Amino acid sequence: MELRAEDVFRPGAFPEYTYISRKSKTSDLSYEFRLKQAIRVSGFLTSLVGPSKMGKTILCEKVIGFEKIVEISGADFNDDTDFWKLVAAKAGLSYEGQFFSERKNEDTKDTKKETFSLTKDKIIEYYKKENLVLVIDDFHYAPVKKRLQIAQQLKDAIRRGFKAIVVSLPHRADEAIRQNADLSGRLSLINMEVWEVQDLKEIAKVGFARLNIKIEDSIAEKIAVESLSSPQLMQYICLNICTILEISDDTSLEVKEEILEKAYRYTTANFEYGDVVTSIQRGPSTRGKRRNHFLTKKGESCDIYELIVKSIAENPPIMKLKFEDVKERIYHLLKEDCKGPTPQTIKSSLSKLQELLNGREDIFRVLDWKEGTLYILDPLFLFYLRWGGNRNGE
């Protein structure tokens, strides 16, 4: 069977032909081995921590099998969500219901309506019987009190052989899980490190080889750097390179440097971050007050929030910026004789920006200002800033 580009490069699904196994630096064991080892230990809860878009879900699918995973998002919970009702529903079980029974006598027929509800024990037994594994993704999105309740429910369930994996971001490490005294000694901890350029390059080299398309190592490396440690983004860019090659007049079937920028821009075409960028650039309401503006080297007049957006998009692309890095990037954008915002103004603006984004939908949760460090949570967002329609706010 002749493979198509979409068969090989699959940014939104399990990449059968371009799956790259990685080893943990701390143990020199593959992540597949560590996860398989963890879920086989009865009575233990697995905590899987790693940056966004780094392949945590793909790893679970590789090790467990897509059909055996029951996935729940932390965003599925609110303060009133019944944990076991949701766990049952995601597995296709009816948590509550009614049934009718009939009893016939010689001359009459009685119909009786009865109700039922599953117990926690029955749900656990069903998961065990079907060899299902509960994966709670984006655990940090659940309300704080709900996280603590979930931890309590899981503590009891894993003692009965229930298998569960809690997935979270590294700087929002799931304290409700990892610092829960009741779970002490019952946790399998797996910290997924960011993808190295060398590993990301393999996606391009293996994938293009499958399609009989040539790519130089240096070109694969450029794409890997721009992929911001995200295998998903790497898959996306490579797929769009294939599309460009298919519609071009070039019959050499080779990835050349001159098409990279076009591929980057094409990749952002369907990214839904336009409103997110606009919201960040506008910042919180000023209630009629005019913000200070600063003149950039390009002759643009920008307020502090527009400068923050531009600073994030600057070279080199980095997903984690210390305050000094943000400050220096902002000052570097400004005209030499322009007096820039004070460090306190920058810090205050970052805090206000954090409050603004916290009150919005999930797609707006792209930044996290915490303990003097600005985390870019979503590599696709940063990529959009660099190559999308609103590149550097232009």
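The structure displayed is predicted, hence computed values, not measured ones.
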Any donor-acceptor pair under 3.5 Å linking the side-chain atoms of [Y] with those of [X]?
X: Tyr19; Y: Glu61; result: no
X: Tyr31; Y: Glu193; result: yes
X: Asn240; Y: Thr267; result: yes
X: Lys347; Y: Gln344; result: no
X: Thr345; Y: Ser348; result: no
X: Asp378; Y: Tyr273; result: yes
X: Glu261; Y: Trp387; result: no
X: Thr81; Y: Asn78; result: yes
X: Gln152; Y: Asp156; result: no

Heavy atoms only: give me the nearest [X]-[Y] pair and the separation to one decimal.
X: Arg210; Y: Leu3; result: CD-CD1, 4.0 Å
X: Leu132; Y: Ala91; result: CD1-CB, 4.4 Å
X: Leu29; Y: Arg34; result: CB-CG, 4.0 Å
X: Leu35; Y: Cys60; result: CD2-CA, 3.9 Å
X: Arg282; Y: Arg291; result: O-NH1, 2.7 Å
X: Glu130; Y: Lys68; result: O-NZ, 2.8 Å

Going by an N to O cut-off under 4.0 Å, is there a salt bridge joining [X] and [Y]?
X: Asp217; Y: Lys201; answer: yes
X: Lys120; Y: Glu125; answer: no
X: Glu355; Y: Lys352; answer: no
X: Lys90; Y: Asp76; answer: yes
X: Lys310; Y: Glu300; answer: yes
X: Glu6; Y: Arg4; answer: yes
X: Glu257; Y: Lys222; answer: yes

key: Side-chain heavy atoms of Thr57 within contact of Val167, under 4.5 Å   =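 Answer no - side chains too far apart.
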
In this structure, would [X] and [Y] fall into the same cluster of hydrophobic residues linked by side-chain contacts under 4.5 Å?
X: Ile376; Y: Val197; answer: no
X: Ile136; Y: Val41; answer: no
X: Met234; Y: Val225; answer: no

From [atom1] ([X]) to [atom2] ([Y]), nearest 0.5 Å:
X: Leu374; Y: Ile318; atom1: CG; atom2: CD1; value: 11.5 Å
X: Leu154; Y: Arg186; atom1: CG; atom2: CZ; value: 12.5 Å
X: Ser229; Y: Leu382; atom1: OG; atom2: CG; value: 10.5 Å
X: Ser27; Y: Phe33; atom1: OG; atom2: CZ; value: 9.0 Å
X: Phe44; Y: Gln37; atom1: CZ; atom2: CD; value: 10.5 Å
X: Ser311; Y: Glu328; atom1: OG; atom2: CD; value: 11.5 Å

Answer yes if the ring centres of [X] and [Y] are under 6.0 angstrom apart, and no otherwise.
X: Phe271; Y: Tyr384; answer: no
X: Phe9; Y: Phe208; answer: yes
X: Tyr266; Y: Tyr236; answer: no

Would the number of heavy atoms belonging to other residues, nucleotides or ligands and lying under 6.0 Å from [atom1] of [X] be above 12?
X: Lys297; atom1: NZ; answer: yes
X: Lys36; atom1: NZ; answer: no
X: His293; atom1: NE2; answer: yes
X: Arg160; atom1: CZ; answer: yes
X: Glu254; atom1: CD; answer: yes
X: Phe66; atom1: CZ; answer: no

query = Is the charged tip of Arg365 near the ring of Tyr141: under 6.0 Å from the six-membered ring centre and within 45° of its axis?
reply =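 The answer is yes; both the distance and angle limits are met.
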
ask   = Hey, which of Ile237, Val8, Ile20 is the one that makes side chain to side chain contact (heavy atoms under 4.5 Å, CB included) with Ile203?
value =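 Only match with Ile203 under side chain to side chain contact (heavy atoms under 4.5 Å, CB included): Ile20.
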
ask   = Can you tell me if Lys56 uses its side chain to pair, donor with acceptor, with the backbone of Gly50 under 3.5 Å?
value =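 Yes, because the side chain of Lys56 sits within donor-acceptor range (under 3.5 Å) of the backbone of Gly50.
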
task = Answer yes or no: is there a donor N or O on one side and an acceptor on the other, between the side chain of Ser24 and the main chain of Asp28, under 3.5 Å?
result =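 No: the side chain of Ser24 does not pair with the backbone of Asp28.
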
ask   = Would you call the rings of Tyr264 and Phe383 parallel, tilted or perpendicular, where under 30° means parallel and over 60° means perpendicular?
value =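 Tyr264 vs Phe383 ring planes: perpendicular.
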
